[in-house]
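Right, one structure below, let's go through it.
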Amino acid sequence: MSRGRSDGSQKKRLIASLCGVAIFLGFLYVYHGSIFGSENGGSSALEYGSKSLRKLGSSYLGGDEDADKQDESSSSFGQGDGEDNFVPKSYPVCDDRHTELIPCLDRHLIYQMRMKLDLSVMEHYERHCPPLERRFNCLIPPPSGYKVPIKWPQSRDEVWKANIPHTHLAHEKSDQNWMVVKGEKIIFPGGGTHFHYGADKYIKAIANMLNFTDNIINNEGRLRTVLDVGCGVASFGAYLLSSDVITMSLAPNDVHQNQIQFALERGIPAYLGVLGTKRLPYPSRSFELAHCSRCRIDWLQRDGILLLELDRLLRPGGYFAYSSPEAYAQDEEDLRIWREMSALVERMCWRIAAKRNQTVIWQKPLTNDCYMEREPGTRPPLCQSDDDPDAVWNVNMEACITPYSERDHKAKGSGLVPWPARLTSPPPRLADFGYSSEMFEKDTEKWQRRVEKYWNLLSSKVSSNTLRNVMDMKANMGSFAAALRDKNVWVMNVVPQDGPNTLKLIYDRGLIGSIHDWCEAYSTYPRTYDLLHAGTVFSDLEKKDCSPEDLLIEMDRMLRPTGFIIIRDKQHVIDFVKKYLPALHWEIVATADSSSDSDNDGDEVDFIVQKKLWLTTESLRGTE
């Protein structure tokens with residue numbers, strides 16, 4: 001027995017020695033990787049050969065105490081002595097299998113951690129973020145043959161196949177005109193499951209059903225924000241843009257994988273999400289229209305909880321356009337579903353606004369009158385008076401009707417002016433925060449000046465079509481996005497979940513966005529935004545128990561190659577970020593001291609960087 005133990009000990013020592021050598025060689029290779037010196041769109045490309053997958057929260061190849069100390073020190077902003085702060089010279093590159101990694105929507109993580117989820121209610125498509133020890137501390141590589149995306153508006157109709165090398169939807173939906181493979185490109189004819197002959201004609205038909213002037217869906221500016229559930233590749237939202245209507249195109253990462261990735265690559269607003277068990281990350285009364293075109297959702301499940309979530313999100317008098325076999329088919333099962341669904345929406349006080357062929361459009365009431373007239377015990381019930389309909393982050397859906405406040409009930413509507421005046425008019429819900437109209441107007445003017453300054457700093461790098469997908473990581477009242485009104489961009493306005501829930505003001509301005517916690521990865525694919533704006537986001541993170549280094553890696557994941565980041569923050573935050581530029585392969589574009597600004601919030605600095613286009617050895621093979 002003792003001999004066996006001795007042999008085992010020798011083997012362990014041998015394995016440990018080999019691991020040590022492997023780690024040493026690995027570090028040498030990562031830190032002294034070669035540079036591929038070609039030009040592509042004005043950006044140098046870096047070549048990496050490393051394919052090892054590393055984890056965050058431990059050393060690159062395993063957890064030891066020294067590595068834990070390094071991680072701990074690198075997660076601070078280093079305002080102390082700073083001598084022991086560990087800053088990597090280079091980050092390793094994630095394995096090529098992870099070119100489309102979405103950390104909080106990673107099915108491999110679900111399998112590996114053996115999560116017990118209820119598939120019948122779509123829990124496996126909801127957010128499940130990795131624990132610290134399973135986070136990736138590596139840069140997401142672009143796919144083989146990646147190219148700088150086609151610019152808007154051309155991108156609405158075509159993208160590079162190499163950027164999203166998935167053609168199964170083109171074959172699966174070939175009879176519905178979702179997308180067509182044509183040489184090096186994927187073409188989007190504008191079709192959908194229900195509108196094979198084009199979304200534009202379908203949109204006009206809906207406007208006609210609702211008797212809108214000249215069959216224009218925006219109804220003279222009164223219909224501005226739309227939620228498209230089960231959106232496919234978002235052609236419905238794409239064709240609404242020409243009518244000055246902005247759509248939150250929503251779909252999960254399901255069997256139609258990459259549909260949201262295609263939407264964002266096309267330059268169309270979109271978000272990865274699902275009607276499952278949690279509220280969607282949008283406040284109450286955000287959308288004038290919700291839309292479902294054969295979205296394969298069981299609206300009758302769990303006492304109608306999913307329809308009630310749409311009800312929460314619709315504005316007073318808002319519409320739900322539903323195109324599905326249940327609305328017209330005559331077989332027994334479809335008729336049963338139609339009868340039960342009709343009975344449910346009637347108890348919810350919705351009325352049929354129009355029904356034609358394969359589409360029905362219901363309308364939500366303007367006031368609480370119908371709710372008050374229902375028989376006692378009618379289901380679904382009204383939500384409890386202490387339920388906050390705007391609390392959405394990790395909040396479970398409730399099978400209840402959200403009634404209007406007394407103020408909204410008396411107003412008999414949302415009280416919003418038509419678009420585009422809506423963008424700069426003080427929204428009625430300002431009062432919920434104790435904000436005055438004067439505060440709102442000053443904030444709008446302040447960000448108009450700041451955005452002009454940003455664009456002056458970017459002038460040598462951007463032209464009229466350089467940017468399309470923009471994210472404001474701390475949107476406040478949405479004034480940064482409002483200042484971009486004349487640019488050919490759309491903005492995902494993100495409101496941090498632990499601050500004032502101002503997202504409803506953003507929607508009331510005719511803009512869109514979502515609630516999020518920047519201690520976690522965002523629900524989007526890699527390489528989906530051209531510009532990230534981070535105003536005091538890092539300063540906020542400093543007050544939390546989460547890593548700014550994690551956030552830098554997440555920002556790199558979301559940002560397209562050659563994309564830009566604007567950081568407006570304290571000087572010590574900027575100094576911290578600068579240390580990581582070589583490892584992230586970001587270049588400084590401009591730095592500006594804001595201390596002379598009349599509206600400066602505490603000596604903040606404007607810092608703009610650009611992400612280089614770098615390619616792995618595998619990516620380079622695809623360009624040959």
Set of residues satisfying side-chain contact (heavy atoms from CB on, under 4.5 Å) with respect to T528, sequence neighbours excluded:
L264, T524, Y525
Run the ring-ring contact (aromatic ring centres under 6.0 Å, His included) test against F287 and tell me which residues pass, sequence neighbours left out.
Y282, Y507
Sorted by chain and number, sequence neighbours left out, side-chain contact (heavy atoms from CB on, under 4.5 Å) with R351 holds for A353, Q363
If the condition is salt bridge (charged side-chain N to carboxylate O under 4.0 Å, His left out), which residues does E398 pass it with, not counting sequence neighbours?
none
Does NZ in K182 sit with more than 12 non-hydrogen atoms of other residues, nucleotides or ligands closer than 6.0 Å?
no
By salt bridge (charged side-chain N to carboxylate O under 4.0 Å, His left out) - contacts of E184 (at least two apart):
K147
So salt bridge (charged side-chain N to carboxylate O under 4.0 Å, His left out) across residues 111-121, not counting sequence neighbours, yields none
Looking only at non-hydrogen atoms, find the nearest pair between N163 and P143 and report the distance.
O-CG, 3.7 Å
With a 6.0 Å cut-off on ring centres, are Y202 and H291 close enough?
yes
With no hydrogens and no angle check, just 3.5 Å: does a side-chain donor-acceptor pair link E265 and Q261?
no
Could you tell me which residues satisfy side-chain contact (heavy atoms from CB on, under 4.5 Å) with P496, sequence neighbours excluded, listed by chain and number?
K474, D498
Identify whether the distance between the nearest side-chain nitrogen and carboxylate oxygen of R422 and E288 falls below 4.0 Å.
yes
Test item: side-chain donor near acceptor, N215 and N208, under 3.5 Å:
yes
What pairs with D106 under salt bridge (charged side-chain N to carboxylate O under 4.0 Å, His left out), at least two apart in sequence or on another chain?
none
Taking atom types as modelled, find out whether S323 and T359 have a side-chain donor-acceptor pair closer than 3.5 angstrom.
yes
Could you note down all residue pairs passing salt bridge (charged side-chain N to carboxylate O under 4.0 Å, His left out) where residues 500-520 supplies at least one of them, sequence neighbours left out?
R127-E520, R315-D508, D390-K504, R429-D508, D432-K504, D517-K544
Shortest non-hydrogen contact from L109 toward R134
CD1-CD, 3.7 Å
Can you name the side-chain contact (heavy atoms from CB on, under 4.5 Å) partners of R302, sequence neighbours left out?
V121, T277, I305, L306
Salt bridge (charged side-chain N to carboxylate O under 4.0 Å, His left out) against R279, all qualifying residues, sequence neighbours excluded
D387
Is there a donor-acceptor contact under 3.5 Å linking the side chains of T99 and Y146?
no
Is it true that the side chains of W152 and N465 contain a donor and an acceptor less than 3.5 Å apart?
no
Contacts satisfying salt bridge (charged side-chain N to carboxylate O under 4.0 Å, His left out) that involve residues 324-342 (not counting sequence neighbours) are E333-R336, R336-E340
